[in-house]
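Hydrogens, waters and symmetry mates play no part in the numbers below; they use all other heavy atoms, side chains included.
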Amino acid sequence: MLRITHATQDYAWGSRTALHRLFGDETPEVLAEAWMGAHAAAPSRPVDGEGTLGDLIADDVAHTLGEDVVARFGPSLPYLLKVIAADSPLSLQVHPHIDRAREGFAEEEAAGIPVDAPHRNYRDRNHKPELVYALTHFEAMCGFRAPRRAAELFAGLDAPLAKELHGVLAAEPTADGIRAAFTQLLEPATRPSAAEVGEVAAACGARLAAGSPSPRADRTVGVLQEAYPGDPGVVTSLLLNPVTLQPGDAMFVPAGGVHAYLSGVGVEVMASSDNVLRAGLTPKHVDVPELLRNVDYVAAPPIRIAPEVFHGATKVFYAPVDDFELSVTEIADDEAHPLPGRGPRILLCLEGAVQVDTLRDGALTLAQGEVAFVPAGDGSLTVRGRGRLVQADVP
């Protein structure tokens with residue numbers, strides 16, 4: 001068990017306060033994400049030692065990962081833990097399925113595109129399902145609405161584009177209709193102009209002022225139009241499910257699921273990947289054809305994950321994937337509480353201070369914002385103290 005660092009990302013949609021408070025970071029810069037893991041793009045490092053967490057794992061994969069994890073995922077940590085802080089909306093995006101990630105990575109490697117090139121889609125060979133656990137009020141869009149409900153949102157809007165999309169959805173209230181509307185909004189040949197998007201946003205604003213039957217949807221259009229004026233993603237929001245997470249709620253986003261986070265602070269755990277396919281609502285690289293190739297068009301409600309409670313102190317959020325699981329432990333006494341989970345684990349103290357004990361490697365105290373890596377070979381853990389601890393591990 002050893003202390004490791006987190007690596008920060010300063011994307012424009014980030015916050016000037018949230019991650020700074022958690023990690024005691026005094027930089028005046030915007031911070032959007034803190035990464036904790038072994039992904040090559042921004043690896044953690046031992047606080048006392050050389051190299052990266054990936055180097056440490058490679059030196060003794062049997063001890064650090066365990067034979068079971070190596071057999072299933074190979075000699076690398078299969079997940080990535082993050083804290084995300086969004087003061088403004090993120091991009092409209094999809095994460096690829098694993099087969100397409102492998103193909104796309106090979107194609108871009110063969111084409112000689114540098115792995116860190118801004119226009120590169122596939123920075124690794126992995127899929128990227130993810131789970132987000134809200135630390136604050138958290139707003140998002142995730143997955144497609146039922147086609148008939150999407151048609152209702154476009155009905156009555158006094159804008160030519162809205163009338164056209166209503167016709168598409170009303171004529172084909174199925175996944176095919178959603179596909180047709182979504183594709184029309186994004187493909188270059190049919191992509192609406194900024195003026196057409198503005199007309200829809202203005203119509204939603206007028207409907208909101210008149211007492212909208214769907215105020216949340218209309219407000220979201222207004223928020224996105226202000227942040228990314230004229231972007232077709234503004235209108236696309238009417239096709240997507242709105243999601244509100246309260247602190248302590250969790251949501252799973254599968255590969256192929258269209259989503260955009262709008263605001264809030266949360267812990268994310270995901271397969272160890274940086275593969276993001278963007279369709280809009282961003283100044284970053286957009287590849288609409290590749291995104292459309294990966295989208296799941298089946299309408300479904302957002303996947304909220306209800307936790308299972310262990311030993312009265314730990315809530316475990318089981319995602320429907322093999323790469324990761326997340327647990328959150330809250331304690332306020334000096335009794336030893338067993339931590340569920342096994343294999344290679346990353347621990348983050350969210351508040352207070354906790355002492356973590358292993359069977360084989362002694363104890364380590366983590367204060368707010370401090371992170372530790374626990375090798376699989378260290379065995380089971382107990383925790384005591386007063387605080388809140390996040391653990392990522394492999395099911």
Side-chain angles (χ1 to χ4, degrees), residues 6-16 19 27-44 52 54 76 80 82-130 141 182-183 185-189 191 194 197 224 227-234 236 253 255-262 268 270-295:
H6 66 278
T8 55
Q9 305 284 10
D10 58 354
Y11 309 137
W13 46 261
S15 167
R16 292 189 181 276
L19 297 185
T27 178
E29 304 300 322
V30 167
L31 296 178
E33 294 181 350
W35 291 27
M36 291 148 282
H39 194 281
S44 294
T52 67
S76 59
L80 176 62
K82 295 183 182 180
V83 182
I84 179 174
D87 273 5
S88 59
L90 281 66
S91 58
L92 181 67
Q93 61 185 255
V94 166
H95 303 310
H97 296 275
I98 194 163
D99 289 344
R100 180 56 198 150
R102 291 169 176 166
E103 293 170 355
F105 182 87
E107 290 165 3
E108 293 185 326
E109 286 289 282
I113 303 173
V115 73
D116 58 352
H119 62 288
R120 178 129 181 181
N121 289 320
Y122 295 97
R123 302 181 185 278
D124 52 66
R125 298 177 177 85
N126 209 6
H127 63 168
K128 196 188 173 202
E130 62 189 31
M141 304 182 295
F182 188 69
T183 301
L185 284 167
L186 297 181
E187 280 196 337
R191 177 187 177 98
V197 171
L224 295 176
Y228 301 100
D231 190 301
V234 172
T236 302
V253 181
V258 180
H259 63 286
Y261 298 152
L262 302 179
E268 283 187 302
M270 62 201 65
S272 184
S273 176
D274 193 28
N275 289 329
V276 181
L277 304 171
R278 302 176 186 88
L281 305 178
T282 180
K284 294 182 180 180
H285 173 60
V286 169
D287 188 333
V288 169
E290 189 60 29
L291 177 136
L292 294 175
R293 186 174 183 173
N294 284 272
V295 171

(request) For Lys128 and Val253, run side chain to side chain contact (heavy atoms under 4.5 Å, CB included): C-alpha distance rounded to whole Å, both residues' side-chain angles, the deciding distance at 0.1 Å, then the answer. (result) CA-CA 9 Å; Lys128 196 188 173 202; Val253 181; over 6 Å; no
(request) Taking the side chain as every heavy atom from C-beta outward, state whether Asp287 and Leu277 have any atom pair closer than 4.5 Å. (result) no
(request) Report the distance from atom NE2 of His119 to atom NE2 of His285, rounding to the nearest 0.5 Å. (result) 7.5 Å
(request) Determine the minimum heavy-atom distance between Leu186 and Pro232, stating which atoms define it. (result) CD2-CB, 4.5 Å
(message) What verdict does the side chain to side chain contact (heavy atoms under 4.5 Å, CB included) test give for Thr183 and Leu292, after you've listed the backbone C-alpha separation in whole Å, the side-chain angles of each residue and the deciding distance to 0.1 Å?
(response) CA-CA 7 Å; Thr183 301; Leu292 294 175; 4.2 Å; yes
(request) Give me the one residue out of Arg125, Arg120, Arg100 that meets salt bridge (charged side-chain N to carboxylate O under 4.0 Å, His left out) with Glu107. (result) Arg100
(message) Using a 3.5 Å distance criterion without hydrogens, assess whether the side chain of Arg123 forms a donor-acceptor pair with backbone atoms of Val115.
(response) yes
(message) Among Asp10, Thr8, Ile84, exactly one meets side chain to side chain contact (heavy atoms under 4.5 Å, CB included) together with Glu33. Which residue is that?
(response) Ile84
(message) In the structure I gave you, are the side-chain heavy atoms of Lys82 and His39 within less than 4.5 Å of one another anywhere?
(response) no
(message) Just so I know, are the side chains of Leu92 and Val258 near enough to count as touching, which here means a heavy-atom distance under 4.5 Å?
(response) yes
(request) Would you mind reporting whether Trp13 and Leu281 have side-chain heavy atoms less than 4.5 Å apart? (result) no
(request) For the residue pair Gln93 and Tyr261, establish whether any side-chain heavy-atom pair is separated by less than 4.5 Å. (result) no
(message) If we ignore hydrogens and angles and just use 3.5 Å, is the side chain of Asn126 paired with the main-chain N or O of Ser272 as donor and acceptor?
(response) yes
(request) State whether the side chain of Thr282 and the backbone N or O of Lys284 hold a donor-acceptor pair below 3.5 Å, judged by distance alone. (result) yes
(request) Look at the side chain of Ser91 and the backbone N and O of Gly280, then say whether any donor-acceptor pair between them is shorter than 3.5 Å. (result) no
(request) Provide the closest heavy-atom pair for Pro96 versus Ala255 in the form atom of the first, atom of the second, distance. (result) O-CB, 3.4 Å
(request) Could you pull out the closest heavy-atom pair between Ala42 and Gln9, with the gap in Å? (result) CB-NE2, 3.6 Å
(request) Check Leu19 against Ala85 and note the closest heavy-atom contact, atom names and distance. (result) CG-CB, 4.0 Å
(message) Donor-acceptor check, side chain of His97 to backbone of His127, threshold 3.5 angstrom: yes or no?
(response) no
(request) Say whether, by atom type as modelled, one donor and one acceptor occur between the side chain of Tyr228 and the main chain of Pro89 under 3.5 angstrom. (result) yes
(request) Flag the pair His95 / Val276 as yes when at least one side-chain heavy-atom distance between them is below 4.5 Å, and no otherwise. (result) yes
(request) Give a yes or no answer on whether the side chain of Glu108 reaches the backbone of Asn121 with a donor-acceptor pair at less than 3.5 Å. (result) yes
(message) Can you confirm whether the side chains of Asp124 and Asn275 place a donor and an acceptor under 3.5 Å from each other?
(response) yes
(message) Please give me the minimum heavy-atom distance between Pro43 and Thr52, naming the atom from each residue.
(response) CG-CG2, 3.8 Å
(message) Distance to the ring centre below 6.0 angstrom and angle to the axis at most 45 degrees; does that hold for Arg102 and Tyr122?
(response) no
(request) Can you see which heavy atom on Leu90 is nearest to which on Ala260, and at what distance? (result) O-CB, 4.0 Å
